[in-house]
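Here's the structure we're looking at; comments come further down.
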2 protein chains.
Amino acid sequence: MSAMPISTPKPQDVTQKVADALALAIHEHRLAPGTKLGEDEIGEIYNVSRTVVRAALQSLAHVQLVEIQRNKGAFVASPTPREAREVFEARALLEPRTARSAASRATPHDIEILKDHIAQEHAAMDAGDNGRALNLSGRFHIELARIADQDTIGRFIETLIARSSLVIALYWRRESALCESHAHHALVQSIADGDEQNAEELMRSHLVDLNSALDLRDRPVQAQNLRELLQTTAE
Amino acid sequence: MSAMPISTPKPQDVTQKVADALALAIHEHRLAPGTKLGEDEIGEIYNVSRTVVRAALQSLAHVQLVEIQRNKGAFVASPTPREAREVFEARALLEPRTARSAASRATPHDIEILKDHIAQEHAAMDAGDNGRALNLSGRFHIELARIADQDTIGRFIETLIARSSLVIALYWRRESALCESHAHHALVQSIADGDEQNAEELMRSHLVDLNSALDLRDRPVQAQNLRELLQTTAE
DNA sequence: GAGCTGCGCATTGTATACAACTTTGGCGCA
DNA sequence: TGCGCCAAAGTTGTATACAATGCGCAGCTC
């Protein structure tokens, strides 16, 4: 609580910081699915040893943000259409309940936080920073789970949001705009009103909208992955 | 592709094997909640280095089977009553849907596997090996998720089953018997019949039964944890 | 005698060194 | 010329060494 003038060199978990940095880069679509994540490379970037990098990568692998192939290395995960569908099915199962619970528990302070999130989303979109906008949009859902005060389900939702970011990177159809902030605004309104039924229903339809903005028939082909595709002969 | 007569010394992931061994010990209640899991100690037991042990422990920490406190070490997780309630809430949300899906997709071979599981459960119970019976009972639910062919939700369920084992270790009331194999048998019957509605409903009531066999008002006190309780003054 | 301070041990966090595997380039042979 | 094998480089898997933090006990002060 007192002054902390300079230099808290490594106050907290370094591994977590590396994992967070990588996760953020993935969420903001700075790292495309399929990208190789070499241990030495990352270690040099963050000035940490491979030990730390490996721990961070394993942590990300557990939430399926990266895929680790033994003796091959870590790659940014590349969800298949099947996985993409499963992710949104799971969200459809969990999040409406969470929205309902949030509506019944949200404090005025929580409402402020949510509104602030939306404002930031708008700002990012206006600035043309789609990556940041997408990340904030996801964090909105995570914030909802926090308000719902369901830690266990909240963690599941966190991983689903993270994977959703990858799904969107791969399968988003350009025709549909990222105009979801309106849906978020309506959600906040119903939550502020304590209208549980409406919140649940809005979340359900919001997820349906998101899902219908995906084109899961397309192949998960990114420019960068061409080479990977060519070696998909074996298994 | 040719013969592989003997000795594939370390064919697969060593870390995973250590993690599995520890998880099994926890599931079978051989390791009580709160038990300290020293890195050197485990490393000696399995003849691996601390590097491997640390990776295994972090893996288990991610599914909340163990809790890692920085600079303190790893301990078998000790779910609070709140966490226990959340775990079963989440299961109630996910598993009925899974049971329904399993009923619609199960092949005759799947039915065989499920019946075999139940037989093993019976055998373990008859042998008085409650730990093994409990573990098998959990794996029954995981097998259901596999049959339902929902990998994403299946992974969530796996972690919930794992934590359920800890919850049961802490909060199971002795009065109620472990007579769930009957419920499992009825479930398999409805799944074999392809009766989705019935399967979903049976799973729902099965989870309610399980939940009502817990006494969440009790403190998470185990003999071994006495010392830990005494140092719970701070926080 | 009670409480506090400082040192020493034990354990964890991080870095580095070594071993095993995968890949790739080139050379030889058909 | 094309196929296949071998070797060397690079990357990951594992073990060990060093640094830092926490814990406990002894001894001192009051």
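Below, all heavy atoms of this structure are taken into account, side chains as well, without hydrogens, waters or symmetry copies. Residue numbering restarts at 1 for every chain, and letters A, B, ... go by the order of the sequence lines.
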Inset, instruction - Indicate, yes or no, whether a donor-acceptor pair under 3.5 Å links the base of C:dG13 to the side chain of B:Arg50. - result: yes

Inset, instruction - Let me know the distance between CG of B:Asp13 and C1' of D:dT12, rounded to the nearest Å. - result: 12 Å

Inset, instruction - Can you figure out which of C:dA15, D:dG13, C:dT12 approaches the side chain of A:Arg54 most closely? - result: D:dG13

Legend entry - ring-ring contact (aromatic ring centres under 6.0 Å, His included) partners for A:His62, two or more places apart: B:His62

Legend entry - Interatomic distance, A:Glu39 CD vs D:dT14 P [rounded to whole Å]: 11 Å

Legend entry - Given DNA chain C, 5'-ward residue of the pair B:Thr51 and B:Gly38, judged by closest heavy atom: B:Gly38

Inset, instruction - Classify the ring geometry between A:His117 and A:Phe140 as parallel (under 30°), tilted (30 to 60°) or perpendicular (over 60°). - result: perpendicular

Legend entry - A:Lys72 NZ to C:dT23 C1', straight-line distance once rounded to whole Å: 10 Å

Legend entry - Over 12 foreign heavy atoms within 6.0 Å of CZ, A:Arg97: no

Inset, instruction - Output the single nucleotide from D:dT21, C:dA15, D:dT12 whose closest atom is nearest the side chain of A:Ser49. - result: C:dA15

Legend entry - Between D:dC23 (C1') and B:Arg70 (CZ): distance, integer Å: 17 Å

Inset, instruction - Using atom CD of A:Gln58 as one end and atom P of D:dT12 as the other, report the distance to the nearest whole Å. - result: 13 Å

Inset, instruction - Would you kindly give the NZ-to-P distance between B:Lys17 and D:dT14, to the nearest whole Å? - result: 11 Å

Inset, instruction - Using whole Å, report how far CD1 of A:Ile42 lies from C1' of D:dT12. - result: 13 Å

Inset, instruction - Rounded off to whole Å, could you give me the OH-to-P distance for the B:Tyr46 and D:dA15 pair? - result: 15 Å

Inset, instruction - Looking only at side-chain atoms of B:Thr15, point me to the closest of C:dT14, D:dT14, C:dT11. - result: D:dT14

Inset, instruction - Measure the acute angle between the ring planes of B:Phe156 and A:Phe156, then classify it against the limits of 30° and 60° as parallel, tilted or perpendicular. - result: parallel

